[in-house]
2 protein chains.
Amino acid sequence: MTSSLVKSNNTTRNKLIETTGKLLQLHGYSGTGLNEIIKQSGAPKGSLYYHFPEGKEQLAYEAIERTKENVTNFIKDSLARYDDPIEAIQNFIYDSAKRFEADSYFNGVPIANIVLEISKTNDRLRELCRKVFESWHEAFADKLKSGGYSDEESWDLAMTINAMIQGAFVICLTRQDSKPLLVMAEQIPVMLIKGK
Amino acid sequence: MTSSLVKSNNTTRNKLIETTGKLLQLHGYSGTGLNEIIKQSGAPKGSLYYHFPEGKEQLAYEAIERTKENVTNFIKDSLARYDDPIEAIQNFIYDSAKRFEADSYFNGVPIANIVLEISKTNDRLRELCRKVFESWHEAFADKLKSGGYSDEESWDLAMTINAMIQGAFVICLTRQDSKPLLVMAEQIPVMLIKGK
DNA sequence: GTCTATACTATGATAGAC
DNA sequence: GTCTATCATAGTATAGAC
């Protein structure tokens, strides 16, 4: 819908979207105030409703779209580093664990934190979050297919992996360590062995 | 800390805790207002700060404690219905999927919705949520141990199952169907086969 | 594109009567 | 134990000047 990839880098609009994404990930939808977005983005105070006439919901919508692109690309790039799906996915989880420990960007779970809160009250955002999960799911499924798994196997296994990782992130955040992700990584070979 | 099991059934205090638990599950911490809690609980308007002098945080704290008891008991009861851990856990997930489809009580993911939002801003509540996950984890681990899995295997597998189920719930809520849980259930035997 | 000022509503919380 | 009235603050959103 928006041409965010064309020419909007480093603009006020762009900073607002990025800041909103980070704050949503940290504090959820209700917990993220427009005042705080303006403060932390350093954006001019008067420009928010100029760039986002529909207000908070539009801002959140575009922030979620941005997160979708970023995370999907991160997954695809990481998976591309190994031919074997088992190695690739295992390595992706180790990468994620490393990021969780080191990078404050990964403090907070991206989409889950939003969708859990708004799933019953905002269908437009919920539907967008559904597409985000679908996009991640597809990235895992494609990798599995390329490794020789059938379409159906790939769909089921990718769904499982997606759920495992997200659940692990929730528990990591709660415990404040990356152990759950490391445990998941070790389960991957058990799950992905062919010819049960 | 509180003697909620002794004599507080059907009192105003009790209704406030129950309503708060449901609303937290639906709308998160920031999204749940004290006014709405009072309205939906039908509790007398003036009694909130009498029963909960520390306000919203205390109310949330006790609601989380209540959820911990309820869900842990639900898990244990369900797992007790089959001797074999594989059957028991698989059946538990099918039960959860059925509840998800039918019972509005399971609309919303209990603890995850809170902890994702407050993990960086409220250590007291975060720590309590950690104990809740630990309690669920323990229920699964005990079942696995009773089926002959080693302590270490049981710990890892229970962690994985706990994460899978929670991730699946997040995706179920987003998609508004129980398919992800059904997929998880079918993965359980693959994961739990001994002698990899 | 950005500014200030402001409207309106909701929030969590407290005080004092009953 | 519960009531009403009220507080200060923060929330989203709008209008009009520049």
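First the proteins, then the strands, lettered A, B, ... as listed; each starts at 1.
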*Asks:* Under a 4.0 Å heavy-atom cut-off, which of residues 41-49 of chain A touch DNA chain C?
*Replies:* A/Pro44, A/Lys45, A/Gly46, A/Ser47
*Asks:* Show which residues join A/Tyr94 in its hydrophobic cluster (side-chain heavy-atom contacts under 4.5 Å, direct or indirect), or state none.
*Replies:* A/Leu182
*Asks:* Tabulate atom names and distances for all N/O pairs under 3.5 angstrom spanning the protein and nucleotides 16-18 of chain C.
*Replies:*
none

*Asks:* D/dT9 C1' sits how many Å from A/Glu36 CD, rounded?
*Replies:* 15 Å
*Asks:* Can you tell me the distance, in whole Å, between the CD atom of B/Glu57 and the P atom of C/dG12?
*Replies:* 13 Å
*Asks:* What is the distance, rounded to the nearest whole Å, between atom CG of B/Asn14 and atom C1' of D/dG1?
*Replies:* 16 Å
*Asks:* Using a strict cut-off of less than 4.0 Å between a Lys/Arg side-chain nitrogen and an Asp/Glu carboxylate oxygen, indicate whether B/Lys22 and B/Glu18 qualify as a salt bridge.
*Replies:* no
*Asks:* Assess whether atom NZ of A/Lys56 is packed by more than 12 heavy atoms of other residues, nucleotides or ligands within 6.0 Å.
*Replies:* yes
*Asks:* Do B/Lys131 and B/Glu134 sit within salt-bridge range, that is, some charged N less than 4.0 Å from a carboxylate O?
*Replies:* no
*Asks:* Whole angstroms only, please: what is the CD1-P distance between B/Ile38 and D/dT2?
*Replies:* 12 Å
*Asks:* Between D/dA10 atom P and A/Lys56 atom NZ, what is the distance in whole Å?
*Replies:* 15 Å
*Asks:* Between C/dG1 atom C1' and A/Lys15 atom NZ, what is the distance in whole Å?
*Replies:* 13 Å
*Asks:* If you round to the nearest 0.5 Å, how far is CD1 of B/Ile114 from SG of B/Cys129?
*Replies:* 5.5 Å
*Asks:* So, is B/Tyr50 near the phosphate of D/dT2, with a side-chain N or O under 4.0 Å from OP1 or OP2?
*Replies:* no
*Asks:* What residues, two or more places apart in sequence or in another chain, satisfy ring pair (Phe, Tyr, Trp, His ring centres under 6.0 Å) together with A/His51?
*Replies:* none
*Asks:* Mind running ring-ring contact (aromatic ring centres under 6.0 Å, His included) on A/Phe92 and A/Phe140 for me, showing each step along the way?
*Replies:* CA-CA 10 Å; A/Phe92 165 74; A/Phe140 290 118; 5.6 Å; yes
*Asks:* If you check every side-chain atom of B/Leu34, which of D/dT12, D/dG1, C/dA13 has the closest atom?
*Replies:* C/dA13
*Asks:* Taking B/Glu62 first and then B/Arg66, would you say they form a salt bridge - that is, a charged N and a carboxylate O separated by under 4.0 Å?
*Replies:* no
*Asks:* Please collect all salt bridge (Lys or Arg N to Asp or Glu O under 4.0 Å) contacts where either partner lies in residues 156-177 of chain A, sequence neighbours excluded, each pair once.
*Replies:* A/Arg175-A/Asp177
*Asks:* Are more than 12 heavy atoms from other residues, nucleotides or ligands located less than 6.0 Å from atom NZ of B/Lys76?
*Replies:* no
*Asks:* Nearest 0.5 angstrom please: B/Glu87 CD to B/Leu79 CG, how far?
*Replies:* 12.0 Å
*Asks:* Note down the inter-axis angle between the two ends of the helix from C/dG1-D/dC18 to C/dC18-D/dG1, five pairs each, to the nearest 10°.
*Replies:* 0°
*Asks:* Of the nucleotides D/dG11, C/dG1, C/dT11, which one has an atom closest to the side chain of B/Asn35?
*Replies:* C/dT11
